[in-house]
Amino acid sequence: MKVAAEGCNLLLLFITSYLSLISGLGVHSLSYDHSATTKCLAEPRRAQYGGGIIVNPGFDHNIEGWTVFGKGAIKERISNGGNRFIVAHNRTHPLDSFSQKVQLKKGMLYTFSAWLQVSEGSDTVSVMFKTKGSKMVRGGQVIAKHGCWTLLKGGIAANFSSPVEILFESKNSNAEIWADNISLQPFNKKQWRSLQDASIERVRKRKVRFQISHVNETALIGAKVITRPIKLNFPFGCGMNHHILTNKDYQSWFVSRFKFTTFTNEMKWYSTEKKQGEENYTIADAMLKFTKENGISVRGHNIFWDNPKLQPEWVKNLSPEKLGEAAAERMKSVVSRYKGELIAWDVMNENLHFHFYEDKFGENASAAAYATAYELDQEPKLFLNEFNTIEYSGDEASSPAKYIKKLQEILSFPGVSGMSAAIGLQGHFASGQPNLAYMRSGLDLLATTGLPIWLTEASVDPQPSQVFPQLQKNILINFSFVNI
């Protein structure tokens, strides 16, 4: 009887996996699941897409379909409420976890999700795809906690056809990793594009009915109607540098195309105060005058830059006390000077990768900068501007999970109540196929904040056509380009 029961379970697992797989192949039968949350929940939500091609995604059949990766051990556990989940325990290495092999097909996009928890404290848990040749590709991460379940959402773009092994990483090898309701759903390019087109129809387009009549309100038959946009409503812009002040062709080209801009270097501290105490805003002022005359809105970039290498030379060796005085003067000078003139400020640029001011003044230095900027000018949107949050899943420092955590720290700081915060994603895409599945999942998570999301910088090498349709036509974020 035991053998027969196990055989039935294995047959059921095969049928479930097969049905999940074939259900994902119909172009019109599959809808992308945008749902996401950053809340830590008492019980995990159901697996997206029923688990997709994952075998036994909710551990209804013990841990069948799952194996140990590395050392340690795995087992099933049942919560007091009857929920079943898998546990990796007796871990000694970050990658000691549970795993499952799946077959990836070249050209397909795979969205991933799972509910994670750790047995103590909190730790960053990543999903890893071990490809042929033992290469590890990070597909997303979450800050998992003990006592509640958090959603990890990510994905992988397959530029190869090969089996891969899905596993998890937690650098705290003393903690157990718990997981439930794991999903990996494939989309082919036709499906992915159809979902983008559906978003365009639903969100970007509206039906308008015109009624054309004579002055006496009688019907006007056979009238020819021509529509011409008189104002750009979509904030699409481009970076602007000081050459625009002297180059007429550059001026004509820019004004005819863009209504938003960011000065590439001219507002930065190292440009406006090359020597301590000798401020010079001449170029930035002239550029702002030009934009005002031509109806171009300006994002301020930036008040501070957290990269230690990109401080004014005279700032780098100041004592903490002198640096505090200089930074306070810089903040007051630049924000007050352009009060009422700008639509936004990048307050502490690249605050997830670098910690120049935190190292000098403590962990609240960035949040305090936002509070002070808001005190000086309440009108601009204050951005947390960062790179690799959506471009590159391998950069752990600025993942969507880390970005949201930093944003929450800023928004919980005294003095920021009422501040108009916004998310700034730089968008520097390297060569190779962009991971569109990871990008979309990351944007789903960032959207849970309810804040505006802007692509604030952009560089694409070498195929922009794969990136911009994803952002512009489906994710529906605003664009403003700046080149560093």
Side-chain angles (χ1 to χ4, degrees), residues 9-26 28-66 74-88 97-100 102 109-118 125-127 139-156 166-168 176-187 191 195 198 400-401 404 437-438 440-448:
N9 284 340
L10 289 172
L11 178 60
L12 179 60
L13 285 169
F14 172 77
I15 293 173
T16 302
S17 177
Y18 176 72
L19 290 175
S20 296
L21 176 59
I22 62 174
S23 69
L25 298 180
H28 302 292
S29 63
L30 186 64
S31 296
Y32 178 81
D33 190 344
H34 284 282
S35 64
T37 181
T38 55
K39 295 179 179 179
C40 208
L41 306 180
E43 295 292 342
R45 294 177 181 171
R46 292 182 178 181
Q48 293 184 327
Y49 315 103
I53 60 174
I54 293 293
V55 173
N56 193 19
F59 306 98
D60 298 323
H61 309 283
N62 203 279
I63 56 173
E64 293 177 27
W66 296 88
I74 61 174
K75 62 182 178 182
E76 181 194 45
R77 191 172 293 170
I78 305 176
S79 70
N80 293 334
N83 182 56
R84 298 172 181 270
F85 55 94
I86 194 170
V87 175
S97 63
F98 30 80
S99 69
Q100 183 172 134
V102 297
L109 300 166
Y110 295 81
T111 63
F112 179 87
S113 63
W115 290 87
L116 279 298
Q117 189 173 163
V118 289
V125 178
S126 301
V127 60
Q141 65 174 212
V142 68
I143 301 173
K145 302 175 182 178
H146 175 61
C148 55
W149 295 90
T150 310
L151 176 66
L152 187 160
K153 196 171 186 184
I156 185 171
I166 302 173
L167 59 137
F168 297 85
E176 298 176 349
I177 303 175
W178 304 357
D180 198 6
N181 294 338
I182 301 170
S183 173
L184 185 70
Q185 178 62 48
F187 292 86
Q191 289 171 326
L195 296 170
I404 291 170
Y438 177 79
R440 183 180 281 184
S441 294
L443 288 163
D444 289 342
L445 291 166
L446 292 166
T448 64

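As the structure is a computational prediction, the values presented were derived from the model and not from experiment.
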When the ring planes of Phe98 and Trp66 are compared, do they come out parallel, tilted or perpendicular, using 30° and 60° as the limits?
perpendicular

Could you please spell out the steps behind the side-chain contact (heavy atoms from CB on, under 4.5 Å) verdict for Arg45 and Ser35?
CA-CA 11 Å; Arg45 294 177 181 171; Ser35 64; 5.6 Å; no

Minimal heavy-atom distance between Ser183 and Gln48, with the atoms involved, is OG-O, 2.6 Å

Minimum-distance pair of heavy atoms, taken over all atoms of Leu167 and Ser97
CB-OG, 3.6 Å

Please check this pair: side chain of Ser441 against backbone of Tyr438, looking for a donor-acceptor N/O pair closer than 3.5 Å.
no

According to the interplanar angle, ranging from 0 to 90°, do the rings of Phe112 and Phe168 count as parallel (below 30°), tilted (30 to 60°) or perpendicular (above 60°)?
tilted

Roughly how far, to the nearest 0.5 Å, is the CD1 atom of Ile86 from the CG atom of Asn181?
12.5 Å

Parallel, tilted or perpendicular: which one describes the rings of Tyr32 and Tyr49, with boundaries at 30° and 60°?
tilted

Does any part of the side chain of Tyr110, heavy atoms only, come nearer than 4.5 Å to the side chain of Val102, both counted from C-beta?
no

Value rounded to 0.5 Å, distance of CG in Leu109 from CD in Gln191:
9.5 Å

Minimum heavy-atom separation for Pro57 to Gly50, with atom names?
CG-O, 3.7 Å

Sub-4.5 Å side-chain heavy-atom contact between Gln117 and Lys145
no

If we check side chain to side chain contact (heavy atoms under 4.5 Å, CB included) with Leu116, which of these qualifies: Ile177, Ile143, Val127?
Ile177

Interatomic distance, His34 atom NE2 to Arg440 atom CZ [nearest 0.5 angstrom]:
5.5 Å

Rounding to 0.5 Å, atoms CG (Leu443) and CG (Leu445) come to a distance of 9.0 Å

Quick check for you: to the nearest 0.5 Å, what is the distance between Thr38 atom OG1 and Leu446 atom CG?
9.5 Å

Asn62 to Glu76 - nearest heavy-atom pair and separation:
ND2-OE1, 3.2 Å

Would you confirm whether Glu176, through its side chain, and Val87, through its main-chain N or O, come within 3.5 Å as a donor-acceptor pair?
no

Looking at Cys40 and Thr150, what are the two nearest heavy atoms and their distance?
SG-OG1, 3.2 Å

Value rounded to 0.5 Å, distance of CG in Asp33 from CD in Gln185
10.0 Å

Quick check: does any side chain N or O of Asp180 sit under 3.5 Å from a backbone N or O of Trp115, one acting as donor and the other as acceptor?
no

Kindly say whether Thr37 contributes a backbone atom to a donor-acceptor pair with the side chain of Lys153 at under 3.5 angstrom?
no

Taking all non-hydrogen atoms of both residues, which atom of Leu184 and which atom of Ile54 are closest, and how far apart?
N-CG1, 3.5 Å

